[in-house]
Amino acid sequence: MSNKIQTLSGYIHEYAKSVQDPEHFWARIADSFHWQKRWDQVVDWNFEEPDVKWFTNAKLNITENIFERHLYTLGDKPAIIWEPNDPSEEVRTISYKELYGLVCQFSNVLKAKGISKGDRVIIYMPMVPEAAVAMLACARIGAVHSVVFAGFSATSLADRINDCKAKMVLTSDGNFRGAKKIAVKDVVDEAVEQTESIEKVIVLKRTGQEVSMKSGRDIWWHEAIDGVSTENQAEIVDSEDMLFILYTSGSTGKPKGVVHTCGGYMVYTTYTFQNVFQYSQGDIYWCTADVGWITGHSYIVYGPLLAGATTLMFEGVPTYPDAGRFWAICDKHKVNQFYTAPTAIRALQAYGTEPIEPYKLDSLQVIGTVGEPINEEAWHWYHDHIGKGRCPIVDTWWQTETGGVMISPIAGVTPTKPSYATLPLPGIQLAILDNDGKELIGNSVEGNLCVKFPWPSMLRTTYGDHERCRQTYFSSFKGYYFTGDGVKRDEDGYYRILGRVDDVINVSGHRMGTAEVENAINEHPKVIESAVVGYPHDIKGQGIYAYVICDMEGRSESNLIEEIRQTVTKIIGPIAKPDKIQIVPGLPKTRSGKIMRRILRKIATGETSSMGDTSTLLNPEVVEEIISGAQ
Ligand code: WT7
C-alpha cells in the first residue's frame, strides 16, 4: 500500500515524476509485485506499428501475485463476498486461502481437459464466484480467457468463438436475473453448432433447469472438479504473454478482440484500484458491473484481488426484488467503496428517494461511476442521497482498450466537480487535438482526446488483426493513441468527457457500433437499407434510433417494426434492440452516396429547426418526409 497517494500535493508530485521519468516511476510501482524474473527494460514502444511492451522479458504469473504473495498475511481474509440474485439465498464468503484452492483445482481441470498455455477459453457465465475462478484458473495455466457477457446472443457468441478459435466454453445451465431465469446452456448449444474449434463445454449447475448434455463434449462442473487436487504449480509466463481477449464494438464491422497482456495489466490495475478508491485493508469494496465487461475484469476481479481486497460480487439486478436492493446490499455487507454506472443511478433516481429511506448507508466512504458521461443532476442525486454529501464521487473515465482508469479523481484527494472526470492519473499523458491533428495547448480547449505516451495496461493489438488495431487507434493522429472521445479541458485544467465523436453509441454504458446494429437490422428479409444513430435518452444516456427502408408489401408497419426488433435481439442480444424504429421512404445521402448521419442525428434529437444546408443532398426532399414521420 506504499504506493497510495494521500494528498493533493502528493498527487501533483507523483504525476510530475511519472512524466519526467516514466521508467523509474513504473519500475518503483512494479517492484512491489512478485516477479519470477525481473525485466530487462521497463517500456519499449512506438505508436506507429504500434508496438508496445512493458517489463520486457520479465516472467511472472498474475495469480501468484494474488495468492502466493498474500497467503501468509491475508489467507483467512475474505477475497470474495457473493450476494445472490435472491436475497433469501445464502451469501457465500470465500477466503483467499479457499479461493486459492478453487483456482488451483480448476486449473488442474482445465489442463486435464486439454487446455494448455496460449489456448483460448470462452467464459459465458452468470455473476457467481466460479466465473472469477474460471478467469483466474485460465491465467494460472497461461491460457487466454475471453469472457462474453451472458446476455449476448448465440450468433454473437459464435462470432467470438470463431474469431479467437476457442477450444472450450465454460458456462452454466441457466442464469438468474431478477425474476427471470435465462436458459444459457441452450444459447451455448446453438452457438457451438456454428463453430468448429470447441472441444469441451463445462457446465456449472446454477438454476437446476433442464439442459441437454452432449456426450463426449459436455461435462458438469461439479463432476469435473470431483476429487481433483487443490494444488497447482503456476505456469510462469512472459510479461507480454496474452492474459485475455475482450470483444468490444467499434465504428465499423464486427466487434474486435482487444488484447491485454500480463505484466503491465497487473501493475496498472492494482495501482489504480488502490489509488482511485483509496482502499484500506479491511474495507469491503463493491463494483456492480458484470465480469463480461472490462470493468468487471479490472475492478471486480484483477485489481481488487491483486491488492488483497475484499471484493463483493452481486449476481442480480438493481431493481429486484425492489429498487432498494443496492442500498440493502450496502448496509448488509457494510460496503465502504461502491462503484456503479450512471445508467443505474438514473434508473434508481426515477424511483425517488423512498427506496433509500430504510437504509443507513453509513459505511460508504467512496462512491464511483463509470461507463458514460454522468449528467449533473444524476451526479448531485448520487452525491446527496447515496453519498449523503460526505463521500467523494470518483467519476472514472477509461475504456476496454485502456485496461484501467485513466482520468479520475483520487478519492478524497482531488477536489471534484460535477460531471468532470477531473485529472489524469499518474503516468497518463493526455493530449487534446483539433481535427487537423494539431495539439491544443493550455486550458479552455475542446477537441479529440488522445494519449501520447504508453501506459502499462494499454491494449497491445486486436486479436488476429493487428492492422485493424493500428487503423482504429493509431492512424487518425500520427504518434498518438486516439480514444474516440471528445473532451473539454476547462479553465482549471479539469477534463470533462463530451462523448464519442465516432459512430459508436453508448447505451446504458454499453458500447455499440451503429454499423453493427445496421447489419443486424439488414438481416431482416424485408429491409432494404437502414441507418442507426444515437439520441439522448433520460435513463440510458443514449438510445438507439433506427431509420429503415422496407419493402412493405403484405406487411403492416407495426408488425414489421416488431420483427426488426426481434431480428436485432436474435443477432446481437437484447441490449442492442432499437428504442425507436422509423420506416422511411429514403435516407438523406450526399451525391457520392454517403448517408448524412448528421441530419439523422438532428431529427432523432428533435433539433429540426437547425438542419443546416440540405440543398447539396442527392435527395433533399426526403428530409422533410423523415421529419414529418419522426417519433
Ligand atoms: C467508452 C468506453 C471503462 C469501462 C466501461 C466502458 C465512455 C467511460 C466514462 C466516464 C464519460 C465515459 C467513453 C469511452 N466512458 N467512462 N467516466 N465519463 N464517458 O468501457 O465499453 O470500452 O466504453 O465509454 O465514451 O470511450 P467501454
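Each residue takes its place number in the sequence, starting with 1. Counting convention: from 1, in listed order, for ligands and their atoms alike. Predicted model, so just to flag it, every value in this text is computed and none were measured.
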Next on the checklist: For Asp159 and Lys254: C-alpha separation, side-chain torsions, deciding distance, then whether salt bridge (charged side-chain N to carboxylate O under 4.0 Å, His left out) applies.
Outcome noted: CA-CA 9 Å; Asp159 284 347; Lys254 293 205 169 185; 3.4 Å; yes
Next on the checklist: Under a 3.5 Å cutoff, is there a donor and acceptor pairing between the side chains of Asp163 and Tyr247?
Outcome noted: yes
Checklist outcome for this item: By ring-ring contact (aromatic ring centres under 6.0 Å, His included), His510 pairs with (sequence neighbours left out) Trp293
Checklist entry - Can you list, by chain and residue number, every protein residue with a non-hydrogen atom closer than 4.0 Å to ligand 1? => result Ile294, Thr295, Val370, Gly371, Glu372, Pro373, Asp395, Thr396, Trp397, Trp398, Gln399, Thr400, Asp485, Ile497, Arg500, Asn506, Arg511
Item to check | salt bridge (Lys or Arg N to Asp or Glu O under 4.0 Å) pairs, two or more places apart, involving residues 364-377 | outcome: Arg346-Glu372
Checklist entry - Does anything in residues 390-431 pair up under ring-ring contact (aromatic ring centres under 6.0 Å, His included), and if so which pairs, sequence neighbours excluded? => result Tyr299-Trp398
Next on the checklist: So if I apply the side-chain hydrogen bond (donor to acceptor under 3.5 Å, both in side chains) rule between Tyr339 and each of Thr396, Thr369, Thr295, which one comes out positive?
Outcome noted: Thr396
